[in-house]
2 protein chains.
Amino acid sequence: MVAQMATPHYVRIKQALRARIEGGELRPGDRVPSENQLVEEFGVSRMTARRALLELAESGLLLRTQGLGSFVADVRPMSSTTQIRNIAEEINQRGHHHSGQVLRHDEISADHERAIHLGVPSGSIIFHSLIVHRENDLPVQLESRLVNPALAPRYLQQDFSTTTPSAYLSAVAPLTEAEQSVEAVLADQSTAKDLDIKTGAACLRITRRTFSAQGVVSLAVLLHPGDRYRLGSHINT
Amino acid sequence: MVAQMATPHYVRIKQALRARIEGGELRPGDRVPSENQLVEEFGVSRMTARRALLELAESGLLLRTQGLGSFVADVRPMSSTTQIRNIAEEINQRGHHHSGQVLRHDEISADHERAIHLGVPSGSIIFHSLIVHRENDLPVQLESRLVNPALAPRYLQQDFSTTTPSAYLSAVAPLTEAEQSVEAVLADQSTAKDLDIKTGAACLRITRRTFSAQGVVSLAVLLHPGDRYRLGSHINT
DNA sequence: CAGTGGTCTAGACCACTGG
DNA sequence: CAGTGGTCTAGACCACTGG
């Protein structure tokens, strides 16, 4: 009589609290219901109520203090690296011309690691695309993207020479969250060929996982020639 | 008979697993003990063993899959792009040992470009430091920093083998703002020597300008070996 | 003091993976 | 099938905060 697979209790509680915060019912600094109050309100055990509060705190939405309670955090504005931008828009914004060349656009079987990152069963079919983005005919990004077919079933029918995966995906599965990591790597032979640079040239590699409300949407690996791209950001403390 | 305030059980289990991973007993891709095995081994309840595994997964050290088990992730140190963090703190937080080796620590005359970036008259005296930061004796950052003497007049008197420029500067001229850009470059001969990597290896270069209420405090160029460092960030939309 | 969050137990049923 | 992680309960003792 536990664990309805539909939506776990702790998720329901998180959603409810999130709604109150986003709806303005709970404002920054306000105290949210205590663990015991949530136990009463949602008819769950304290461990379950607690999990909802802990996860909201983990994601920065709440601040918790022993003896005091849990409070809505003061949200701070995001800086510009912390914004997911569409490469085509970015290029157009500079007054340049964007073009996308689709090298691959098919489905593959997810190996163990990819399956974990995408949150799909190991061995299941996922979509894949490989696209070179050019700014005034100069390659600036090689985009390799794995897509969760459950959240973008028509991904393979899109024409990515006229739009971008990023634009399409944010239309069909609105972005709620993203994780990314940035590294420096050397171009291997195949990457070098695709980006029209030398093998062994420095590249910036951005690995990004995007989430919608339903889960992981896609896993993108973006490779940029080191001398044609950099990431800027402005931080306010 | 629970909750010895010394160290909670789940922390002890995390430490034990971390030690096995860092000691090489468990390598990337290996399966770590299951929840039930930890129950046996540490004499705790499954909820407690589970918490240890969940937190290690949360911090990126493990990957978990239902039905399969928990596996050691392919890890590298991560740092956040959305936050200016002190390299020493970051390293200590990972439970590792930080050391700083001061290669240069002197004053120079500002050329035109540097003067502009620092907001000082061209040709005036500015401070400079060059420091190798090591994580457990492995170089992870070469920090070259130019400092505005008006805002940190005693910069040259500091001992940067025991503290870091970042820590000292944020004490004397609290950070209000920062601008940074991130690029991929190849290590030149001198950088390669300082970081103990090969000439031509991929490096992440972060160029950061920090501001206090009084103006530009410093201009730092941080070079990281590509295979020993990456920048991570989490974005909420 | 009553209320808060922090840690923990010993059970339970479930979905999922491999063999 | 046995084993894995995912969710959940109904209790417990604790340290900490404010009044």
Side-chain angles (χ1 to χ4, degrees), chain A residues 1-15 17 26 29-58 61-73 109-125 150 215-216, chain B residues 1-15 17 26 29-58 61-73:
Chain A
M1 236 281 288
V2 169
Q4 29 263 63
M5 244 38 248
T7 47
H9 295 156
Y10 73 90
V11 173
R12 280 181 27 238
I13 298 173
K14 282 175 69 177
Q15 287 169 340
L17 290 177
L26 287 169
D30 286 356
R31 180 154 69 190
V32 308
S34 72
E35 297 178 356
N36 286 317
Q37 287 168 339
L38 292 175
V39 165
E40 293 270 318
E41 184 178 343
F42 290 89
V44 297
S45 73
R46 193 182 145 217
M47 287 295 270
T48 299
R50 177 177 177 72
R51 174 163 183 183
L53 291 174
L54 279 177
E55 293 193 1
L56 289 172
E58 175 65 28
L61 217 69
L62 298 181
L63 296 171
R64 286 160 65 76
T65 318
Q66 194 176 46
L68 277 180
S70 304
F71 302 84
V72 179
S109 169
D111 61 27
H112 181 57
E113 194 181 342
R114 288 168 164 177
I116 288 179
H117 286 307
L118 266 185
V120 298
S122 195
S124 64
I125 293 297
V216 181
Chain B
M1 238 285 286
V2 168
Q4 30 263 62
M5 243 40 246
T7 46
H9 296 157
Y10 73 91
V11 174
R12 281 181 26 238
I13 299 174
K14 282 175 71 178
Q15 288 170 340
L17 291 177
L26 288 169
D30 286 356
R31 181 154 70 191
V32 306
S34 71
E35 295 179 355
N36 286 317
Q37 286 169 339
L38 292 175
V39 165
E40 295 268 319
E41 183 177 344
F42 290 89
V44 297
S45 74
R46 192 181 145 215
M47 287 295 269
T48 300
R50 176 177 177 71
R51 176 164 181 183
L53 291 174
L54 280 177
E55 293 193 2
L56 289 172
E58 175 65 28
L61 215 70
L62 298 181
L63 295 170
R64 285 160 64 77
T65 318
Q66 195 175 44
L68 275 181
S70 303
F71 301 85
V72 179

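Proteins come first, then strands; the chains are lettered A, B, ... in the order of their sequence lines, and each starts at number 1.
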Report task. Could you tell me the separation between the CD atom of B/E55 and the P atom of C/dT7, rounded to a whole number of Å? Result -> 8 Å
Query raised in the report: What's the CZ-C1' distance between A/R12 and D/dG6, to the nearest Å?
Result: 16 Å
**Report entry** Nearest atoms (heavy-atom pairs only) where A/A115 meets A/S122
**Finding:** CB-CA, 3.6 Å
**Report entry** Side chain of A/R64 (C-beta onward), nearest among C/dG6, D/dC8, C/dT9
**Finding:** C/dG6
**Report entry** Mate of D/dG3 where both pairing distances stay under 3.5 Å, Watson-Crick or G-U
**Finding:** C/dC16
Report task. Might you point out which heavy atoms bring B/S70 and B/L53 nearest each other, and give the distance in Å? Result -> OG-CD1, 4.3 Å
Report summary line: Numerically ordered, the residues 30-38 of chain B set in heavy-atom contact under 4.0 Å with DNA chain C is none
Report task. Considering just the side-chain nitrogens and oxygens of B/S70, establish if one lies under 4.0 Å of OP1 or OP2 belonging to D/dT4. Result -> no
Query raised in the report: Counting side-chain heavy atoms from CB outward, which of D/dC8, D/dG5, C/dC8 is closest to A/M47?
Result: C/dC8
Query raised in the report: Nearest-Å distance, CZ (B/F42) to P (C/dC8)?
Result: 13 Å
Query raised in the report: Whole-Å distance between C/dT7 P and B/K14 NZ?
Result: 10 Å
Query raised in the report: Are A/V44 and A/I13 close enough that some pair of their side-chain heavy atoms sits under 4.5 Å apart?
Result: yes
Query raised in the report: Which heavy atom in A/V39 sits nearest to a heavy atom in A/R46, and how many Å separate them?
Result: CG2-CA, 3.4 Å
Report task. Taking atom CD of A/E41 as the centre, report whether more than 12 heavy atoms of other residues, nucleotides or ligands fall under 6.0 Å from it. Result -> yes
Query raised in the report: Using a cut-off of less than 4.0 Å, is there contact between a side-chain N or O of A/T65 and OP1 or OP2 of D/dC16?
Result: no
Query raised in the report: Within a reach of under 6.0 Å around CD of A/E55, are more than 12 heavy atoms found that belong to other residues, nucleotides or ligands?
Result: yes
Query - D/dT9 phosphate, OP1 or OP2, under 4.0 Å from A/T48 side-chain N/O - result: yes
**Report entry** salt_bridge(A/R64, A/E58) N-O dist < 4.0 Å
**Finding:** no
Query raised in the report: Side chain of B/R46, base of D/dG6: donor and acceptor closer than 3.5 Å?
Result: yes
Query raised in the report: Just to confirm, is there a sub-4.0 Å distance from OP1 or OP2 of D/dT7 to any side-chain nitrogen or oxygen of A/Y10?
Result: yes
Report task. Would you mind reading off the distance between A/H9 atom NE2 and D/dA10 atom C1', rounded to a whole angstrom? Result -> 15 Å
Report task. May I have the distance from B/R50 (atom CZ) to C/dA12 (atom C1'), rounded to whole angstrom? Result -> 14 Å
Report task. Grab the CG-P distance between A/D111 and C/dG18 for me, whole Å please. Result -> 12 Å
Query raised in the report: Closest to the B/Q66 side chain: C/dG18, C/dG6, C/dC16?
Result: C/dC16
Report summary line: Between A/A49 and B/G67, the residue closer to the 5' end of DNA chain D by nearest nucleotide is B/G67
Query raised in the report: With no angle test and no hydrogens, is the base of C/dG6 tied to the side chain of B/R51 by a donor-acceptor pair under 3.5 Å?
Result: no
Query raised in the report: Going from CD1 on A/I116 to OG1 on B/T65, what distance comes out if it is rounded to the nearest 0.5 angstrom?
Result: 3.0 Å
**Report entry** Given DNA chain C, 5'-ward residue of the pair A/L54 and B/L68, judged by closest heavy atom
**Finding:** A/L54
Query raised in the report: Atom CD1 of A/I116 and atom C1' of D/dT4: how far apart are they, to the nearest Å?
Result: 13 Å
